[in-house]
Amino acid sequence: MTRLLAAALLVASTGLSSCRAPTAPPDDVGGTSTTSARACPDHPSDVLSFFHEWTITLGDGTTVADVVGYRDDDFFLTACDEADWVVYKVPNSGGTTRNSSNTRSELRQVAEWVPEVGGRLEGTLKVMHVSTTGDARVPASFSVVVGQIHSSEGHENEPIKIFYKKFPGHTRGSVFWNYEINTEGDNAERWDLSTAVWGHDFSVVGSSPDTYPPDPADGVALGEEFSYTIDVSDGIMHVSFERDGYETRTFSKSLVSSDFGPGSPTPQQVLSVFASTGQDGAEQASAYAGERQYFKQGAYNQANGKDPADNMVWNTGSETYGGRLGEQYARGSYAEVWFRSATVGQGGAP
């Protein structure tokens, strides 16, 4: 398997050794890093059977093409409690991909598909930790992306990113998803529209760098399981979220016909969030029609050490301790996400 395979238009089908524990979250964050007396599986591919469908980019910027039988004790490993888990762990500062300022320990689907054909991604997970530092006025602060669709053509934008975000000191975090427009013309004018699932959406921020909004009443705690499904078929993206004790939340969005084309009003949320950067462009009328897409899953850390004064949407001003991995993990400058089940395959209307 090579990175060259990712250029082909295909339709998708269908560690921690000996259970050494991932770094436990600090007590003031409320994580639940747990282990079991029994031995954990050696490799993530011993937990989930779909790793032949992916490559992975790690928190030091390394890309690994053959994920089956592979682990990395710093970024891609296993853990176990009542269940076996695949652990994606990533610092606030490390190696990045060419189009991002943020680190990730994240799978990249090898097969690609167009929205008219579609694909399906499912995952059951719990977020164990997010960065404890950042500027509360910046929407991206204290968050991690746990699943997304990414375009490999045109502007290479993202039809969906699923976020978990928790402010320091809160007992619960928020799950929301963002749709990024496939911009008409200059992509510097692109923006995200955010939809809350549980808790707040992307637009809810603090009034000062260290002043936080209220703890969301229906938010998701660190260590609490939830599931998502992204299913694209016939150009329509269907997204659903499940969590014990709550009704299933479902959403639909066309990926082949824009709601935000030339002449359409820009949503007020967007005008508010992106006021400082002036991003208020229109989307192509055909949205992502005919463009090759692929899924991503894991931990895409949204915390970084960049100056918020230069971008009040994405530059979080988080602590990075000079990029030193051990110090970042010891001091809470990282994201950690555990998956106990996940599948990827063909799309079909739910």
Side-chain angles (χ1 to χ4, degrees), residues 25 28-32 88 90 92 102 123-148 158 160-180 191-230 239-251 253 267-270 272-274 297-304 308 312-314 316 318 332 334-339:
D28 63 350
V29 180
T32 57
Y88 303 87
V90 59
N92 289 356
N102 297 332
T124 298
L125 68 143
K126 53 186 179 182
V127 177
M128 304 300 286
H129 189 85
V130 291
S131 176
T132 56
T133 61
D135 190 316
R137 300 169 299 174
V138 175
S141 290
F142 318 116
S143 70
V144 60
V145 169
V146 299
Q148 58 174 308
E158 298 151 330
I160 187 171
K161 297 188 291 285
I162 297 174
F163 288 75
Y164 177 90
K165 174 176 179 174
K166 191 186 81 68
F167 287 94
H170 282 189
T171 59
R172 293 175 293 274
S174 297
V175 175
F176 53 87
W177 64 275
N178 284 15
Y179 175 82
E180 182 177 43
W191 43 260
D192 286 21
L193 181 66
S194 185
T195 301
V197 181
W198 299 292
H200 305 308
D201 63 35
F202 189 66
S203 69
V204 178
V205 295
S207 57
S208 74
D210 56 1
T211 302
Y212 310 127
D215 202 329
D218 65 341
V220 180
L222 290 173
E224 181 180 354
E225 281 190 38
F226 65 94
S227 301
Y228 67 75
T229 299
I230 306 170
V239 190
S240 64
F241 296 86
E242 297 183 11
R243 173 186 173 202
D244 284 351
Y246 290 80
E247 292 185 359
T248 299
R249 300 293 310 278
T250 60
F251 309 88
K253 176 77 180 69
Q268 184 57 49
Q269 180 199 100
V270 172
S272 174
V273 170
F274 291 89
Q297 186 176 79
Y300 180 21
N301 194 354
Q302 299 300 290
N304 56 66
M312 286 297 296
V313 180
W314 300 109
T316 68
S318 302
Y334 68 96
E336 184 174 323
V337 182
W338 296 14
F339 281 82

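Worth knowing before you read on, the calculation uses all heavy atoms, side chains too, and leaves out hydrogens, waters and symmetry mates. Numbers here simply count residues along the sequence, with the first being 1.
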Is there a donor-acceptor pair under 3.5 Å between the side chain of His129 and the backbone N or O of Gly332?
yes
Within the distance-only criterion (no hydrogens, no angle test), does the side chain of Ser272 pair as donor or acceptor with the backbone N or O of Gln269 below 3.5 angstrom?
no
For the aromatic rings, using the six-membered ring if either is Trp, is the centroid distance between Phe176 and His200 under 6.0 Å?
no
Give, for atom CD of Gln148 and atom CD1 of Ile162, the distance between the pair rounded to the nearest 0.5 Å.
9.5 Å
Examine Arg249 relative to Trp198 and say whether NZ or CZ is less than 6.0 Å from the centre of the six-membered ring and inside a 45° cone about the ring axis.
no
For Val138 against Pro308, the heavy-atom pair lying closest together
CG2-CB, 3.9 Å
Tell me, with the steps shown, if Leu125 and Trp338 meet side chain to side chain contact (heavy atoms under 4.5 Å, CB included).
CA-CA 5 Å; Leu125 68 143; Trp338 296 14; over 6 Å; no
Pair Trp177 and Phe163, ring centroids less than 6.0 Å apart:
no
Which label fits Phe241 and Phe251: parallel for a plane angle under 30°, tilted from 30 to 60°, or perpendicular past 60°?
perpendicular
Between Ser227 and Thr124, do the side chains contain an N or O donor and an N or O acceptor separated by less than 3.5 Å?
yes
Name all residues meeting the salt bridge (charged side-chain N to carboxylate O under 4.0 Å, His left out) criterion together with Glu242; count only those two or more places apart in sequence or in a different chain, and write none if there are none.
none
Measure across Ser240 and Thr250 and return the closest heavy-atom pair with its distance rounded to 0.1 Å.
CB-CG2, 3.9 Å
Side chain to side chain contact (heavy atoms under 4.5 Å, CB included) between Val127 and Val146, intermediate numbers included:
CA-CA 9 Å; Val127 177; Val146 299; 4.2 Å; yes
Any side-chain to backbone donor/acceptor pair from Lys253 onto Val239? Under 3.5 Å, distance only.
no
Side chains of Tyr300 and Asn102: does their closest heavy-atom pair fall under 4.5 Å?
yes
Is there a side chain to side chain contact (heavy atoms under 4.5 Å, CB included) between Glu180 and Glu158 once you walk through the steps?
CA-CA 5 Å; Glu180 182 177 43; Glu158 298 151 330; 3.5 Å; yes
Could you give all pairs that pass the salt bridge (Lys or Arg N to Asp or Glu O under 4.0 Å) test and reach residues 129-143, with sequence neighbours left out?
Asp135-Arg137
For the student: nearest non-hydrogen atoms of Phe142 and Ser131, plus distance
CD2-O, 3.3 Å
Taking the side chain as C-beta and beyond, is there a heavy-atom pair between Trp191 and Pro267 under 4.5 Å?
yes
Give a yes or no on whether the backbone of Val130 and the side-chain of Glu336 come within a donor-acceptor separation of less than 3.5 Å.
no
I'd like to check Arg243 versus Val220 (side-chain heavy atoms, cut-off strictly below 4.5 Å). Are they in contact?
yes
Any donor-acceptor N or O pair under 3.5 Å, side chains Asn92, Asn304
no
Between atom CD1 of Ile230 and atom CD1 of Ile160, what is the distance when rounded to the nearest 0.5 Å?
4.5 Å
Is Ser318 reaching over with its side chain to a backbone N or O of Thr133, donor-acceptor style, under 3.5 angstrom?
yes
Evaluate the side-chain proximity of His170 to Pro216: yes if any heavy-atom separation is below 4.5 Å, no if none is.
yes
Please confirm whether the ring centroid of Phe202 lies under 6.0 Å from the ring centroid of Trp314.
yes
For the residue pair Ser203 and Ser194, establish whether any side-chain heavy-atom pair is separated by less than 4.5 Å.
no
Inter-residue atom distance Phe167.CZ - Ser141.OG, 0.5 Å rounding:
7.5 Å
Would you check if Met128 and Val337 make a side-chain contact, meaning some heavy-atom pair closer than 4.5 Å?
no
Just do the side chain to side chain contact (heavy atoms under 4.5 Å, CB included) check on Tyr228 and Gln297 with the steps written out, would you?
CA-CA 11 Å; Tyr228 67 75; Gln297 186 176 79; 3.0 Å; yes
Side-chain contact, heavy-atom cut-off 4.5 Å: Tyr164 with Ser143?
no
What salt bridge (Lys or Arg N to Asp or Glu O under 4.0 Å) pairs are there with at least one residue in residues 192-218, not counting sequence neighbours?
Lys161-Asp192, Arg172-Asp215
